[in-house]
Number of protein chains: 2
Amino acid sequence: MKESKYAPIYRQIVQDIQRGFYKTNAILPSENELSQQFGTSRETIRKALNLLAQNGYIQKIKGKGSVVLDVKKMSFPVSGLVSFKELQQSLGRDTKTIVYDFGLIHPDELLQQQLQIKPDAEVWKVIRSREIQGERIILDRDFLLKDYVPLLTKEICEQSIYEYLERELKLQISFAKKEIVVEPCTDEDRSYLDIEGFDHVVVVKNYVYLEDASLFQYTESRHRLDKFRFVDFARRAHR
Amino acid sequence: MKESKYAPIYRQIVQDIQRGFYKTNAILPSENELSQQFGTSRETIRKALNLLAQNGYIQKIKGKGSVVLDVKKMSFPVSGLVSFKELQQSLGRDTKTIVYDFGLIHPDELLQQQLQIKPDAEVWKVIRSREIQGERIILDRDFLLKDYVPLLTKEICEQSIYEYLERELKLQISFAKKEIVVEPCTDEDRSYLDIEGFDHVVVVKNYVYLEDASLFQYTESRHRLDKFRFVDFARRAHR
DNA sequence: GAGTGGTCTAGACCACATC
DNA sequence: ATGTGGTCTAGACCACTCA
């Protein structure tokens, strides 16, 4: 897979914004200027700029130009598919992952429905807690189809399943449907989380799809109420 | 503003998917075929298809084609800027809006920070509860800059502020930063919500921006725990 | 009126999937 | 080998903003 021409341009401009070369509320050079600067066509520049807009770095205004948005306000994990490992790194705090349960199972009825599989399918089940600054704040329940993930080890689960899938197995995750609700604590929550007297948890349910549009993973992240935070950057829906 | 050529193509294909002309997991006609069908260039077709992909209708797969995704699974308000009025319509349940507080104020320190304004700026403050099937479930706290909204009435607040802004004032909302956290109930929550013994609420904080990238509204939606639900469709972040 | 971003075109080459 | 979507180009016209 050869890299596209607009990708390094995108990264360059992101860097220029983050390092303050382009300041908040400033106007980027016009698309024609950028074409010349980068020695490419205008449409290619536009692909890079559209990515910047999608990811909340700029706002394009017809007739005026591309305004640099306040990157500090946007910087927190922008919606989506960010893994705990990445989150952890960006937070830079003392974090730890503890694996409580790990193995192959056959799905119960609920899971069959969630993953759209038959009862005889095999599924990896992983229960982990995430400790931040000495407190177990998040309980992750992962279910992965064995068809796509032939092997999984406890060691991998202690690191990052996500990285393993992408780096080792070359599985390309392409999109996810996310649902956020609040549920009463289960016994499992009380066992594996430092629940601090709360009687509810925030549950983030993730249905994860691969590049070929097949559903292959269901993940549930159960957060202690007081530590939960979700940030989303939403472009206006197209009409 | 003339409408673009790809917009009606996009709508046509959405309709074809929703009405089952293109079925789940089927492959759309290729981009070349569609160019011919619609009598346009391939790049224009690609703009329409990219919109479909962004909005979760299809998944494009290199070398194969565009797969139709399960629209029933995706249909709930896809992330973002959906207003209560729209939500209400899609739910089709008995709903009511009650306005408790309404008027012009000068911002306190927190609000100055949130809206990035000076103490002498004028701000519309609106406190409303949303009743669904006889229960007051959501408390909306809206703050709008008077600079952009010269007039506001209680009647408008009982209907939809959102619609008023777009239809009457022609204000184009372009993007929003959303933050979801859980907070302990305030006295206000207890007064204006049927709180049912819960001691926390889910708070959705919205920072709303106009087309010219100016922040003009801060809105807080406070939901009773058991009735909160948020759905998001996230494409994989670009790397 | 000059400059901006938004759209559209026709043609080209590539990497990938399928047969 | 053929067909697919992904990228890139050079040029064109439009609607918009601002001086």
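Residue numbering restarts at 1 for every chain, and letters A, B, ... go by the order of the sequence lines.
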Looking at [X], I'd like to know whether one of its side-chain N or O atoms comes within less than 4.0 Å of OP1 or OP2 on [N].
{"X": "A:Ser4", "N": "D:dG6", "answer": "no"}
{"X": "A:Thr40", "N": "D:dT9", "answer": "yes"}
{"X": "A:Thr44", "N": "D:dT7", "answer": "no"}
{"X": "A:Ser30", "N": "C:dT4", "answer": "yes"}

Could you list all the salt bridge (charged side-chain N to carboxylate O under 4.0 Å, His left out) pairs where at least one residue sits in residues 104-124 of chain A, not counting sequence neighbours?
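Found A:Glu122-A:Lys146.
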Once you round it to whole Å, what is the distance between [atom2] of [N] and [atom1] of [X]?
{"X": "B:Asn32", "N": "D:dG5", "atom1": "CG", "atom2": "P", "value": "7 Å"}
{"X": "B:Tyr6", "N": "C:dT9", "atom1": "OH", "atom2": "P", "value": "13 Å"}
{"X": "A:Ile45", "N": "D:dT7", "atom1": "CD1", "atom2": "C1'", "value": "14 Å"}
{"X": "A:Gln172", "N": "C:dA17", "atom1": "CD", "atom2": "C1'", "value": "16 Å"}
{"X": "B:Leu28", "N": "D:dG3", "atom1": "CG", "atom2": "C1'", "value": "16 Å"}
{"X": "A:Leu34", "N": "C:dT4", "atom1": "CG", "atom2": "P", "value": "10 Å"}
{"X": "B:Leu51", "N": "D:dG5", "atom1": "CG", "atom2": "P", "value": "17 Å"}
{"X": "A:Glu31", "N": "D:dA15", "atom1": "CD", "atom2": "P", "value": "18 Å"}

Between [X] and [Y], do the side chains contain an N or O donor and an N or O acceptor separated by less than 3.5 Å?
{"X": "B:Asn32", "Y": "B:Ser30", "result": "no"}
{"X": "B:Ser41", "Y": "B:Glu43", "result": "no"}
{"X": "B:Gln12", "Y": "B:Asp16", "result": "yes"}

All N/O pairs under 3.5 Å across the protein-nucleotides 11-14 of chain D interface:
{"residue": "D:dA12", "atom": "N6", "partner": "A:Arg42", "partner atom": "NH1", "Å": "3.4"}

Residues forming a ring pair (Phe, Tyr, Trp, His ring centres under 6.0 Å) with B:Tyr22, sequence neighbours excluded:
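Partners of B:Tyr22 by the ring pair (Phe, Tyr, Trp, His ring centres under 6.0 Å) criterion come out as none, since no residue qualifies.
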Close N/O contacts between protein and nucleotides 17-19 of chain D (under 3.5 Å):
{"residue": "D:dC18", "atom": "OP1", "partner": "A:Lys64", "partner atom": "NZ", "Å": "3.3"}

A:Lys154 charged N/C atom sitting above A:Phe102 aromatic ring, 6.0 Å / 45°:
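Negative - A:Lys154 is either too far from the ring of A:Phe102 or too far off its axis.
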Give me the one residue out of B:Lys205, B:Lys125, B:Arg130 that meets salt bridge (charged side-chain N to carboxylate O under 4.0 Å, His left out) with B:Asp140.
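In the set B:Lys205, B:Lys125, B:Arg130, the residue that makes a salt bridge (charged side-chain N to carboxylate O under 4.0 Å, His left out) with B:Asp140 is B:Arg130.
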Pairing residues for A:Leu169 by the side chain to side chain contact (heavy atoms under 4.5 Å, CB included) criterion, not counting sequence neighbours
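For A:Leu169, the residues satisfying side chain to side chain contact (heavy atoms under 4.5 Å, CB included) (neighbours in sequence not counted) are A:Val149, A:Tyr164, A:Leu165, A:Leu171.
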Apply salt bridge (Lys or Arg N to Asp or Glu O under 4.0 Å) to A:Arg128 and list each qualifying residue two or more places apart in sequence or on a separate chain.
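Per chain and number, A:Arg128 pairs via salt bridge (Lys or Arg N to Asp or Glu O under 4.0 Å) with A:Asp142.
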